[in-house]
Every structure is written in structure tokens, then in C-alpha cells.
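Following: one structure in C-alpha cells, then a few remarks.
Chain identifiers are assigned alphabetically (A, B, ...) following the order of the sequence lines, protein sequences preceding nucleic acid strands; residue numbering begins at 1 within each chain. Keep in mind that the numbers below use all heavy atoms, side chains included, and drop hydrogens, waters and symmetry copies. It should be emphasised that the depicted structure is a prediction, and the values quoted were computed from it without experimental measurement.
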Amino acid sequence: MALSELTQRIVNTIRSVPFGYVVTYGYVARLAGNPRAARQVSRVLHSLTRKEGLPWHRVINSQGRISLKPMQGYEEQRQHLENEGIAFDASGKVDLDRFLWRPDEF
DNA sequence: AACCTGACTTCGG
DNA sequence: TCCGAAGCCAGGT
């Protein structure tokens, strides 16, 4: 079945996040055209990561934290990010002022 | 078509 | 900082 315009744009957006940077669900939604589609972003990650070869680990929540729960991907995602040079503070938070990817257009 | 669901976000208290 | 409630989106049933 055909993906909705929004879903397609979300996929493209996630795919363009460069190595060493992160984006938040809501931010991706905004870049894709609908600021309120954050939940759709998580859905996309859930269902299209493999098929589209998305850098899923670069998407975290608005607080700069990893949304996955321990033993359900948290460790793996954190490892991926640290491998790209992204730092976590003592409370497991990423400094978005420093690592959030900001496209030129925004 | 109605109802449920989720790797979300924002707002209050 | 932590928690609950409400708002939102599209795909699956």
C-alpha cells in the first residue's frame, strides 16, 4: 500500500539525519510538515526501519532521553549514539543544544 | 466505520 | 523532577 505524504516525508527526514547528530520525534514531525505528528514518527520507526534502512537510533524524545526501555533497545541505542560521539550526562540525557541536528532551512 | 494502540509532547500540579 | 491527563496521527483490527 502507498504511504501517506506525511509518512513519506518523515522517512526522508529521518534518513537525512547525519552521523553524530540526533533529532526528536516532535522535531522530525515538524521538519516533515506536521508538528503534531510525533506519534506517527514512532510508528514509522517501528514499521519501516528495516525496510527503509533508517538510522533509527538518532531519534530520541523531547527531553533528550532515549524512549526505549531497558532490555528493549535502550542499551543498543545508547551504544550506537556513543559510538557516534554523542554524550550522555549522569541522568542519561543528551544535550540537545549541542547534538540536535538543525537543517539549514530551519 | 468505530475502536485501539504506540520508541510522543505539552501543560499543570 | 515526577506523574497524570489530554491532544494528535495513521495504520491495524
How far apart are the C-alpha atoms of A:V22 and A:V59, what are their side-chain angles, what is the distance that settles it, and do they pass the side-chain contact (heavy atoms from CB on, under 4.5 Å) test? CA-CA 6 Å; A:V22 298; A:V59 186; over 6 Å; no

A:R30 CZ - C:dC9 P separation (whole Å): 17 Å

Using a 4.0 Å heavy-atom cut-off, does A:I66 contact any base of the nucleic acid, only the sugar-phosphate backbone, or nothing at all? nothing

4.5 Å side-chain heavy-atom contact, A:I60 and A:Q77: yes

Any heavy-atom pair between the side chains of A:I10 and A:Q40 that's under 4.5 Å? yes

Residues passing the salt bridge (charged side-chain N to carboxylate O under 4.0 Å, His left out) test with A:R43, sequence neighbours excluded, are none

Phosphate oxygens OP1/OP2 of C:dG11: is one of them under 4.0 Å from a side-chain N or O of A:T7? yes

In this structure, how many angstroms lie between the P atom of C:dC8 and the CG atom of A:L6, rounded? 15 Å

Base versus backbone protein contacts along nucleotides 6-13 of chain B [heavy-atom cut-off under 4.0 Å; B, S, -]: BBBSS---

Output yes when a side-chain donor or acceptor of A:N34 lies under 3.5 Å from a complementary backbone atom of A:R30, and no otherwise. no

Report yes or no: is the cationic atom of A:R78 (NZ for Lys, CZ for Arg) closer than 6.0 Å to the six-membered ring centre of A:F88, at no more than 45° off its axis? yes

